[in-house]
Amino acid sequence: MHVRDDYGLPIAEADAHEALAAHRAGDLPPVALIRVPEPPRDTWADLARAGFIRKPIWLSWRAPTPRSVDDYAARLARKARQDLRRAIDRAASADVHIEVHQTLSADQLDPFLTLYESRVDGMAFGFSFAGSMRAGMIDNPTTFGVFAYEKGELVGGCLCREFPQDNSVWLLFSAVEARWREHSLARVIYLHAFGETLSRGYPEVTMGNDPNLYGHVAKPGLFLFKTRLGFEPVPAKPIGRAPAGDCADLLLSVEALTTPVVMLGYADGDSHAAASTPRLTSHVFGAGPEIDIHRYTTRTVDTAGRVDLPARVTRTTA
């Protein structure tokens, strides 16, 4: 097995036969997770019996581009609609000004990256993905920014990119000052991003791709946040340099993770990323009885279940 550090989390990768043999022998390395990339179909049943969850490695959160504020609000649950209206009113009463920058200069982009990186620095497994893409975003005609200013100072924003090959606009990165997060300013910023997406003629908007392990880089709260915004998770497509594909994961420990840890696995035994509309189910680890795991369901994720960590198999001796 190859053990690697995945943004602070030790993961062991192996092919299906090696992983199954190690599992039977109780010879698993001291890692948080065992991963089998692209498991062959003839191993799917054995992996499932051993406790592996077959799943897309990355998830894409997608929604039709709203035609108006009312169109968007109509898609949301009642509380989410109320939160949206309050956020719009609060931003207007504070004279927060939203600007859409059709392309981004370094002077426009860098203040946002400073805000974004201040948020990343507070995360246990944070990494500045936006910072690593800085050079490719400056003066790029497919990239635009939606920024919120209060008295001339940046208080929030979102970086967006057209993907013509996907016929969509991706909302790649967002960040909002702490005091404005309490007033859901991000919702107002997203409304303007939707409007720009519509004006550019794209029928679908995507809230970026997440690694399919909520509790690590992406937190379980992010799943709930994107759901409340009316987006649905589906297996990510191989668009541009965006990663995609399937794997089978065996989670061994949640000690270093934020609980409840959530993975979306394939609900059907023969589903895979290339299927047109694969059904998904939430596997929720480390959730006490007080946690409603059905919060981790959506239109595309129609079931959820609590999962116990597998007991370590005692190593066999000759």
Looking only at non-hydrogen atoms, find the nearest pair between A304 and T281 and report the distance.
N-OG1, 3.9 Å
Heavy-atom nearest pair, W180 first then V96, reads CZ2-CG2, 3.5 Å
Report, as yes or no, whether the 6.0 Å neighbourhood of atom CG on D5 holds more than 12 heavy atoms from other residues, nucleotides or ligands.
yes
Do you know the tightest heavy-atom contact between T298 and P233?
OG1-CD, 3.6 Å
Tell me if the centroids of the rings in F147 and H101 come within less than 6.0 Å of each other.
yes
Does a donor on one side chain sit under 3.5 Å from an acceptor on the other, for D70 and S68?
no
If you measure from CG on L76 to OG1 on T227, what distance do you get to the nearest 0.5 Å?
11.5 Å
Could you check whether T103 and D139, counting side-chain N and O atoms only, form a donor-acceptor pair closer than 3.5 Å?
no
Donor-acceptor check, side chain of W170 to backbone of M207, threshold 3.5 angstrom: yes or no?
no
Is there a side-chain contact (heavy atoms from CB on, under 4.5 Å) between R62 and S168 once you walk through the steps?
CA-CA 9 Å; R62 310 179 78 89; S168 67; 3.8 Å; yes
A quick test of your reading: do over 12 heavy atoms of other residues, nucleotides or ligands sit less than 6.0 Å from CZ of R228?
yes
Plane angle bin for F194 and Y190 - parallel if under 30°, tilted between 30 and 60°, otherwise perpendicular
parallel
Do you know which two heavy atoms are closest between C158 and F112, and how far apart they sit?
N-CE1, 4.0 Å
Assess, by modelled atom type and distance only, whether the side chains of T142 and N140 contain a donor and an acceptor separated by less than 3.5 Å.
yes
Rounded at 0.5 Å granularity, tell me how far CZ in R161 sits from CE in M137.
7.0 Å
Ion pair present between D292 and R295, side-chain N to carboxylate O less than 4.0 angstrom?
no
Within a reach of under 6.0 Å around CZ of R179, are more than 12 heavy atoms found that belong to other residues, nucleotides or ligands?
yes
Any donor-acceptor pair under 3.5 Å from S93 side chain to D89 backbone
yes
Heavy-atom closest pair, residues A12 and P29
CB-CG, 3.7 Å
How far does CG of L154 sit from CD of E177, to the nearest 0.5 angstrom?
7.5 Å
Minimum-distance pair of heavy atoms, taken over all atoms of L115 and A175
CD2-O, 3.7 Å
Would you say the ring centers of W61 and F223 fall short of 6.0 Å from each other?
yes
May I ask you to check whether over 12 heavy atoms, not counting those of Q102, lie within 6.0 Å of atom CD?
yes
Presence of salt bridge, R81 and D83, under 4.0 angstrom
no
Under 3.5 Å, is there a donor-acceptor pair between the side chain of R49 and the main chain of W44?
no
Within a radius of less than 6.0 Å around CD of Q165, do more than 12 heavy atoms belonging to other residues, nucleotides or ligands occur?
yes
Indicate whether the side chain of D246 and that of Y266 have a donor and an acceptor atom separated by less than 3.5 Å.
yes
salt_bridge(D95, K151) N-O dist < 4.0 Å:
no
Rounded distance (nearest 0.5 Å) linking atom CD of E196 with atom SG of C160
8.5 Å
Within a reach of under 6.0 Å around CZ of R67, are more than 12 heavy atoms found that belong to other residues, nucleotides or ligands?
no
Carboxylate-amine/guanidinium proximity below 4.0 Å for D268 and R54:
no
Looking at CD of E13 and CE of M1, how far apart are the two atoms once the value is rounded to the nearest 0.5 Å?
11.0 Å
